[in-house]
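Heavy atoms only: backbone and side chains are in, while hydrogens, waters and symmetry mates are out.
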Amino acid sequence: MKQGEVRVRIAPSPTGYFHIGTARTALFNYLYALKTGGKFYLRIEDTDKERSEKKYEEDILEGMKWLGFTYEPEVLRQSERGEIYGKYVRKLLEAKKAYYCFCSKELLDKEREEQMAKKMPQVYSGRCRNLSEGEIEEKFAKGERAVVRIMTPLMEITFSDAIRGEVKFDTQYIGDFAIAKNADGKTLEALYHLAVVIDDYETNITLVIRGEDHLANTPKQILIQEALDLPRPEYAHLPLILDEKRAKLSKRFAATALSDYRKEGYLPEAMRNFLTLLGWHPVDDKEIFTLEEIAAEFTLERIQKGGAIFDGKKLRFLNAHYLRSKSDVELAGLLEIEVTEQNCKKIAAVKERMDTLSQFSILTDFFDALPEYPAERLIWKKSDKETTGKNLLKISEIFNTNNNFSQAKMAIETYAEEEGRGEVLWPLRVALSGKEASPGPIEIMEVLGLAESQERVKKALKNLGF
RNA sequence: GCUCUCAUCGUCUAGCCCGGUCUAGGACGUCGCCCUCUCACGGCGAAAACAGGGGUUCGAAUCCCCUUGAGAGCACCA
């Protein structure tokens with residue numbers, strides 16, 4: 001490792017779809033790597049075999065790609081590193097810095113309840129600390145399984161967090177926590193804290209940027225580092241993303257999955273911009289920026305300490321903004337529709353009216369099929385049935401006598417100026433769209449073509465009784 | 001319950017470290033006006049916050065303490 005080289009990582013566990021909070025943690029890590037010229041790693045934390053699933057891992061990979069976060073090609077999977085973890089656990093066991101514990105889950109639960117009742121901190125009693133070699137052998141021989149606990153010395157652990165400053169923990173409130181499970185004397189399965197420490201060490205991670213929910217985990221991981229005589233990385237704990245009730249956004253809710261936003265038609269640039277603003281702010285009042293612009297200015301110091309409520313309205317605003325900045329051809333690609341002249345005209349007509357891609361079909365449905373609508377809708381608020389009919393008749397006549405679009409357009413515009421724009425344009429627009437709200441009539445005509453437009457105007461006249 | 005963390009408009013936040021320039025700035029949202037055939041876009045404008053109480057100081061959103069509130073962690077999950 002080069003001296004002073006920055007190495008950060010994102011370490012999601014594939015026990016659910018790529019969470020919006022994980023995406024933001026990834027973003028801040030990525031931003032930091034970009035800013036410092038450091039390396040960004042992805043690590044899959046799938047030590048929990050029961051809950052980890054391949055489809056979730058794939059979702060995470062896809063999400064990273066969608067967001068445009070590139071990472072180093074070496075992706076660690078904890079499920080493949082059991083032997084390495086075992087080596088370290090054994091080292092701890094041999095050094096008497098960790099021990100086997102055979103306490104049953106029931107016993108542990110009971111102890112915890114008692115401690116709770118007595119208003120005591122919930123920590124393991126240390127009962128199995130002094131089990132003799134013989135006793136341990138015997139239990140294993142009988143087929144008993146154990147967990148491995150680290151022997152926690154009584155001390156104060158102080159670490160400096162890049163966002164929160166100095167944080168202190170007293171280890172008496174931590175106790176001997178488990179670092180491995182299912183030990184039968186020969187094999188064992190490493191648990192989260194151990195795996196994290198080992199992996200961060202072996203990949204030379206220099207700065208751990210993660211969610212605030214890990215703040216209280218940090219002293220435990222430091223304890224493992226010290227027992228193993230490993231260097232301590234720096235830490236930066238990000239505030240959490242909250243729901244409207246100010247509780248942590250949970251994976252249990254579908255709307256927290258990044259892929260849901262992608263499916264709904266949000267753009268990655270909008271998502272990145274939004275997630276950045278959720279806890280970080282530049283020096284000036286600028287709020288819309290590219291990844292490169294943010295990275296250039298990004299500093300951990302400007303990260304907010306308090307949790308931020310996820311504001312879907314602002315996300316929509318940002319998305320609408322980015323949607324409008326796209327060209328018609330780009331949008332056709334995003335919408336996965338053919339780049340035809342027709343489609344581009346449709347896109348141009350509704351572009352500034354949609355805030356997610358998924359609205360496109362709703363906004364443009366009337367092009368393909370004129371919806372049923374009440375005849376009264378054709379009458380402008382300041383007008384009446386007679387005038388409306390007269391104007392529609394005139395438009396129909398214009399369609400008959402002009403066989404190219406620009407001629408027809410000019411004739412209609414001239415007529416509208418003479419008769420009053422609302423008197424002409426409103427009924428025409430409703431005749432063409434059937435809707436209260438839609439793009440302008442000329443825009444619609446352009447997509448529909450003269451023949452179809454004439455059809456729809458005739459239909460309107462019929463509905464009105466002309 | 002124990003431990004830790006946090007606290008400016010409804011929401012995201014600027015300002016706080018280095019007290020006065022803060023009658024507290026911006027953005028989303030809301031409301032109004034303009035533009036306008038409708039909706040949207042765009043433009044202009046309005047309402048809207050320093051959690052409370054004590055200090056320190058000539059002076060506090062900014063520094064200190066307490067209270068209150070909120071959140072997270074306390075697994076043989078990650």
message: Categorize A:Tyr192 for me: base, sugar-phosphate, or nothing, with a 4.0 angstrom heavy-atom threshold over every strand shown.
response: base

- request: Would you mind classifying the nucleic acid contact of A:Lys118 as base, sugar-phosphate or nothing, using non-hydrogen atoms under 4.0 angstrom?
  value: nothing

- prompt: Which part of the nucleic acid does A:Ala216 contact within heavy-atom distance under 4.0 Å: base, sugar-phosphate only, or nothing?
  reply: sugar-phosphate

Gap in Å between the two C1' atoms, one belonging to B:rG19 and one to B:rA60, rounded: 6 Å

- request: Could you check which nucleotide pairs with B:rG59 in any of the strands shown, counting Watson-Crick or G-U wobble with both distances under 3.5 Å?
  value: none

- prompt: Expressed in whole Å, how much space separates the C1' atoms belonging to B:rC64 and B:rA47?
  reply: 36 Å

query: Side-chain donor-acceptor pair under 3.5 Å between A:Gln122 and A:Gln115, yes or no?
result: no

- prompt: A:Tyr261 pairs by ring pair (Phe, Tyr, Trp, His ring centres under 6.0 Å) with which of A:Phe18, A:Phe274, A:Phe310?
  reply: A:Phe310

message: Both A:Pro239 and A:Glu45 contact RNA chain B. Taking the nearest nucleotide for each, which residue is further toward the 5' end?
response: A:Pro239

message: With a 4.0 Å limit, can you tell me whether A:Gln304 has a side-chain N or O closer than that to the phosphate oxygens OP1/OP2 of B:rA7?
response: no

task: Determine the contact category for A:His237: base if any of its heavy atoms lies under 4.0 Å from a base atom, sugar-phosphate if only primed atoms, P, OP1 or OP2 are that close, otherwise nothing.
output: nothing

- prompt: What is the nucleic acid contact for A:Arg145, judged by heavy atoms within less than 4.0 Å: base, sugar-phosphate only, or nothing?
  reply: nothing

message: Taking any heavy-atom pair under 4.0 Å as a contact, classify A:Gln115: base, sugar-phosphate, or nothing.
response: nothing

query: Say you pick atom P in B:rU23 and the same atom in B:rG1; how far apart are they, in whole Å?
result: 42 Å

message: With a 4.0 Å cutoff (strictly under), does any side-chain N or O of A:Ser438 reach OP1 or OP2 of B:rU38?
response: no

- prompt: When all nucleic acid strands are considered with a 4.0 Å heavy-atom cut-off, which category describes A:Gly440: base, sugar-phosphate, or nothing?
  reply: base

Pairing partner of B:rU21 (Watson-Crick or G-U wobble, both distances under 3.5 Å): none

message: Using a heavy-atom cut-off of 4.0 Å across all strands, would you classify A:Leu318 as base, sugar-phosphate, or nothing?
response: nothing

- line: In Watson-Crick or G-U wobble terms, with both distances under 3.5 Å, the base opposite B:rC50 is none

- request: Using the C1' atom as the reference point in each nucleotide, state the distance between B:rA24 and B:rU13 in Å, no decimals.
  value: 13 Å

task: Select one nucleotide: of B:rC77, B:rC4, B:rA72, the one nearest the side-chain heavy atoms of A:Asp48.
output: B:rC77

message: With a 3.5 Å limit on both atom pairs, tell me what B:rG29 is paired to, counting Watson-Crick and G-U wobble, or say none.
response: none

- prompt: Hey, is the side chain of A:Arg421 poking within less than 4.0 Å of OP1 or OP2 on B:rC37, counting only N and O atoms?
  reply: yes

message: Checking contacts here: which listed nucleotide (B:rU3, B:rA75, B:rA72) is nearest the side-chain heavy atoms of A:Lys248?
response: B:rA72

statement: Across every strand shown, the nucleotide meeting Watson-Crick or G-U wobble geometry with B:rC16 (both distances under 3.5 Å) is none

task: Give one of base, sugar-phosphate or nothing for A:Ser104, where a contact means two heavy atoms less than 4.0 Å apart.
output: base

Nearest-nucleotide pick for A:His193, side chain only, options being B:rA14, B:rU38, B:rA78: B:rA78

message: Does A:Cys103 reach a base, just sugar-phosphate, or nothing at all? Heavy atoms under 4.0 Å.
response: base

- request: Ignoring hydrogens and angles, tell me if any N or O in the side chain of A:Asn319 forms a donor-acceptor pair with the backbone of A:Asp355 under 3.5 Å.
  value: yes

query: Which nucleotide in the set B:rU3, B:rA72, B:rA27 lies at the smallest distance from any side-chain heavy atom of A:Tyr173?
result: B:rU3

Separation between the P atoms of B:rC74 and B:rU67, rounded to whole Å: 26 Å

message: Under 4.0 Å between a side-chain nitrogen and a carboxylate oxygen: does that hold for A:Lys394 and A:Glu423?
response: no

message: Which is more 5' along RNA chain B, the nucleotide nearest A:Met120 or the one nearest A:Lys313? Just name the residue.
response: A:Met120

message: Please tell me whether A:Tyr85 and A:Asp199 have a donor and an acceptor in their side chains that are separated by less than 3.5 angstrom.
response: yes

field: Distance between P atoms of B:rG29 and B:rC76 (Å, rounded)
entry: 47 Å

query: B:rG71, B:rG1, B:rA40: which one has an atom nearest the side-chain heavy atoms of A:Arg246?
result: B:rG71

- prompt: If we call it a pair only when both distances are under 3.5 Å in a Watson-Crick or G-U wobble match, what pairs with B:rA40?
  reply: none

Closest listed nucleotide, where the reference is the side chain of A:Ala247 and the choices are B:rA78, B:rG29, B:rA72: B:rA72

task: May I have the step-by-step check of ring-ring contact (aromatic ring centres under 6.0 Å, His included) for A:Phe366 and A:Tyr373, ending in yes or no?
output: CA-CA 11 Å; A:Phe366 69 91; A:Tyr373 63 91; over 10 Å; no

Whole-angstrom distance between B:rA78 and B:rG69, as gauged at atom P: 34 Å

message: Whether A:Arg302 contacts B:rU13 is assessed here as follows: a side-chain N or O lying under 4.0 Å from the phosphate OP1 or OP2. Is that the case?
response: no

message: So A:Arg43, base contact, sugar-phosphate only, or nothing? Heavy-atom distance under 4.0 Å.
response: nothing

- prompt: Does B:rG69 have a Watson-Crick or wobble partner in any strand here, with both distances under 3.5 angstrom, and which is it?
  reply: B:rC6

message: So A:Thr47, base contact, sugar-phosphate only, or nothing? Heavy-atom distance under 4.0 Å.
response: sugar-phosphate

task: Look at A:Arg324 and B:rG42 and indicate whether a side-chain polar atom (N or O) is within less than 4.0 Å of OP1 or OP2.
output: yes

query: If you check every side-chain atom of A:Lys314, which of B:rC76, B:rG26, B:rC74 has the closest atom?
result: B:rG26

message: Looking at A:Gly165, is its backbone amide N or carbonyl O close enough to the side chain of A:Asp161 to form a donor-acceptor pair, meaning the two atoms are under 3.5 Å apart?
response: no

message: Please determine whether a side-chain nitrogen of the Lys or Arg among A:Lys55 and A:Glu58 lies less than 4.0 Å from a carboxylate oxygen of the Asp or Glu.
response: no

field: Nucleotide paired to B:rG1 in any strand shown, Watson-Crick or G-U, under 3.5 Å
entry: B:rC74

message: Categorize A:Arg164 for me: base, sugar-phosphate, or nothing, with a 4.0 angstrom heavy-atom threshold over every strand shown.
response: sugar-phosphate

- prompt: Side chains of A:Tyr235 and A:Arg164: is there a donor and an acceptor less than 3.5 Å apart?
  reply: no

task: Could you check whether A:Pro219 gets within reach of a base, just the sugar-phosphate, or nothing at all, counting any heavy atom under 4.0 Å?
output: nothing

- request: Sticking with atom C1', work out how far B:rU38 lies from B:rG45, rounded to a whole angstrom.
  value: 24 Å

